[in-house]
Each structure stands twice: as C-alpha cells, then as structure tokens.
Amino acid sequence: MELSEPLHEIIFILLEIGLVLGSLGVVLLSNIVYSAFFLGLVFICISILYILLNADFLAAAQILIYVGAVNVLIVFAVMLINKSPSSKIFSSWTIGDSITFISCISIFFFLTITISNTPWYKINLITESKNILEQDLTENIQKIGYFLLTEFLLPFELLSILLLVALIGAIVIARRENIIEIKKSKVLKLKKNLTVF
C-alpha cells in the first residue's frame with residue numbers, strides 16, 4: 001500500500017493502540033464473550049498491519065482463518081456454555097496475576113532494549129527488501145496453495161477436525177449443564193408439591 005510517510009505512521013500508531021487495548025481487553029475482562037470480541041479486534045488490527053506491509057494474502061488469510069473461523073468458533077462455544085456472567089467487569093487480582101504482570105513487564109522491557117540496540121541496517125533481509133518487493137508475488141501465493149493441498153494437506157485437515165471436536169465438546173458441555181439445571185428445577189418443584197400436601 002503506497003501511502004505518505006506521516007499517514008503511514010498515523011495509521012500504524014492507531015493500529016498499535018488498537019492492538020494494545022484489545023489485548024488488555026482479552027486479558028482483563030472477566031466476561032468471556034467480551035474477551036472473545038476483543039480478540040477479534042486484535043486479529044483485525046493484525047490483518048490491517050499485514051495490508052500496510054503489502055502482504056495482502058496474509059491479511060486475507062488472517063481474516064478468513066482467525067476472525068472468520070477461530071474467533072467465531074470461540075464466541076459460538078462460549079455462548080453455548082451458557083454460564084451466568086459475573087457482576088464484576090474486571091476479575092479480582094491474585095498473586096498469580098501479580099507474578100504474570102511482573103514477568104510480562106520485564107519481557108516487554110527486555111524486548112524494547114533489544115530492539116533499540118539492534119543494528120537493523122546491517123540485517124540482510126532489510127537491505128534486500130526492494131528485491132523481494134520486485135518479485136512476482138503471485139508465484140509465492142501459488143506455492144502456498146500448492147503446499148497446502150499437497151505436502152501440508154494432513155495438518156490442514158487435522159486442524160479442521162480439531163476445530164470441529166472443540167465445537168462438539170462445547171455443545172456437549174452446554175447440554176449437560178442444561179440437563180442438570182432441568183433436573184434441579186424438577187426436584188425443586190417436586191419438593192414444593194410435597195410441602196403443600
């Protein structure tokens with residue numbers, strides 16, 4: 001995508017803000033449905049980043065696979081479980097949360113220091129990026145399609161079976177909880193009827 005440098009930076013900053021806020025929403029919200037929606041926002045921001053990097057195929061694959069399949073599956077499975085939502089928006093803070101927060105902050109600072117101290121101009125891939133962009137990208141997309149349908153066909157199909165099993169598992173869990181609730185309500189009605197007599 002050919003954009004001016006200031007516009008490119010503004011879009012990049014907005015996408016990074018969306019990524020950070022979406023990631024925080026996934027982690028901090030206790031309602032799983034809201035977390036799944038924020039996960040969809042993160043996936044969409046990543047696909048727009050791929051579009052900015054002129055990787056249109058990866059952006060389309062990101063939207064089709066992650067937003068269109070995985071995130072919809074998560075939302076569908078969560079809504080089938082039918083758990084009563086908690087009244088708190090944010091979950092309570094525990095010792096494990098503190099340890100996780102400290103380790104994530106330390107990894108973030110370590111990565112920031114590493115990225116800022118890396119001499120990026122010496123990396124071969126960046127110096128040859130113009131040659132990569134001048135290549136015919138259709139050939140690469142055709143190679144990806146060829147490998148997906150020949151060499152990597154088995155993992156590709158196993159992934160679809162895994163998603164199907166996860167969906168069936170969510171349905172089974174939801175039906176079992178509904179059966180338990182129906183039995184409890186029948187027992188309560190029977191007890192009320194017995195107390196009347």
Side-chain angles (χ1 to χ4, degrees), residues 1 3-116 118 155-156 158-178 181:
M1 184 177 257
L3 296 172
S4 64
E5 189 69 27
L7 183 62
H8 196 277
E9 287 182 7
I10 290 171
I11 293 173
F12 184 75
I13 289 170
L14 289 175
L15 286 175
E16 292 303 318
I17 290 171
L19 277 170
V20 170
L21 292 178
S23 302
L24 287 174
V26 170
V27 174
L28 295 178
L29 293 177
S30 61
N31 192 336
I32 302 175
V33 177
Y34 294 151
S35 294
F37 285 137
F38 275 105
L39 185 64
L41 172 69
V42 169
F43 289 151
I44 290 172
C45 288
I46 290 173
S47 67
I48 295 172
L49 278 176
Y50 284 142
I51 291 172
L52 287 178
L53 294 172
N54 292 325
D56 299 332
F57 176 76
L58 286 177
Q62 175 82 17
I63 289 176
L64 286 174
I65 294 170
Y66 287 104
V67 178
V70 174
N71 201 40
V72 170
L73 179 71
I74 290 170
V75 171
F76 187 61
V78 164
M79 289 185 173
L80 272 177
I81 289 177
N82 218 3
K83 292 267 186 196
S84 59
S86 61
S87 59
K88 297 179 183 176
I89 295 177
F90 296 100
S91 59
S92 59
W93 195 264
T94 62
I95 295 174
D97 294 335
S98 303
I99 293 170
T100 305
F101 180 75
I102 291 170
S103 59
C104 287
I105 291 294
S106 61
I107 289 172
F108 174 76
F109 283 122
F110 174 73
L111 287 175
T112 304
I113 291 169
T114 304
I115 289 170
S116 62
T118 301
F156 187 66
L158 287 176
L159 184 62
S160 65
I161 292 172
L162 179 69
L163 292 174
L164 179 66
V165 168
L167 181 62
I168 292 172
I171 292 171
V172 167
I173 290 171
R175 291 182 97 193
R176 187 180 309 144
E177 288 182 357
N178 285 339
E181 287 178 10

(message) Please report the interatomic distance CD1(I46) to CG(L41), rounded to the nearest 0.5 Å.
(response) 10.0 Å
(request) Could I get the full list of side chain to side chain contact (heavy atoms under 4.5 Å, CB included) partners for L39, not counting sequence neighbours? (result) V26, F43, N71, I74
(request) Any chance you could measure I44, atom CD1, to L19, atom CG, to the nearest 0.5 Å? (result) 11.0 Å
(request) Calculate, to the nearest 0.5 Å, the distance between atoms SG and CD1 belonging to C104 and I99 respectively. (result) 12.0 Å
(message) Could you report the tightest heavy-atom contact between S35 and G25, atom names first, then the distance?
(response) OG-O, 3.8 Å
(message) For I11, run the side-chain contact (heavy atoms from CB on, under 4.5 Å) check against I13, L14, L15 and tell me which one passes.
(response) L15
(message) The criterion is ring pair (Phe, Tyr, Trp, His ring centres under 6.0 Å); which residues satisfy it with F38, sequence neighbours excluded?
(response) none
(request) Would you please name every residue forming a side-chain hydrogen bond (donor to acceptor under 3.5 Å, both in side chains) with S98, sequence neighbours left out? (result) W93
(request) Any chance you could measure I10, atom CD1, to E5, atom CD, to the nearest 0.5 Å? (result) 11.0 Å
(message) Looking at I95, I want to see if its CD1 is surrounded by more than 12 non-hydrogen atoms of other residues, nucleotides or ligands under 6.0 Å.
(response) no
(message) With rounding to the nearest 0.5 angstrom, report the CZ to CD1 distance, F12 to I17.
(response) 11.0 Å
(request) Indicate the atoms forming the closest heavy-atom contact of L52 with H8, along with that distance. (result) O-NE2, 3.8 Å
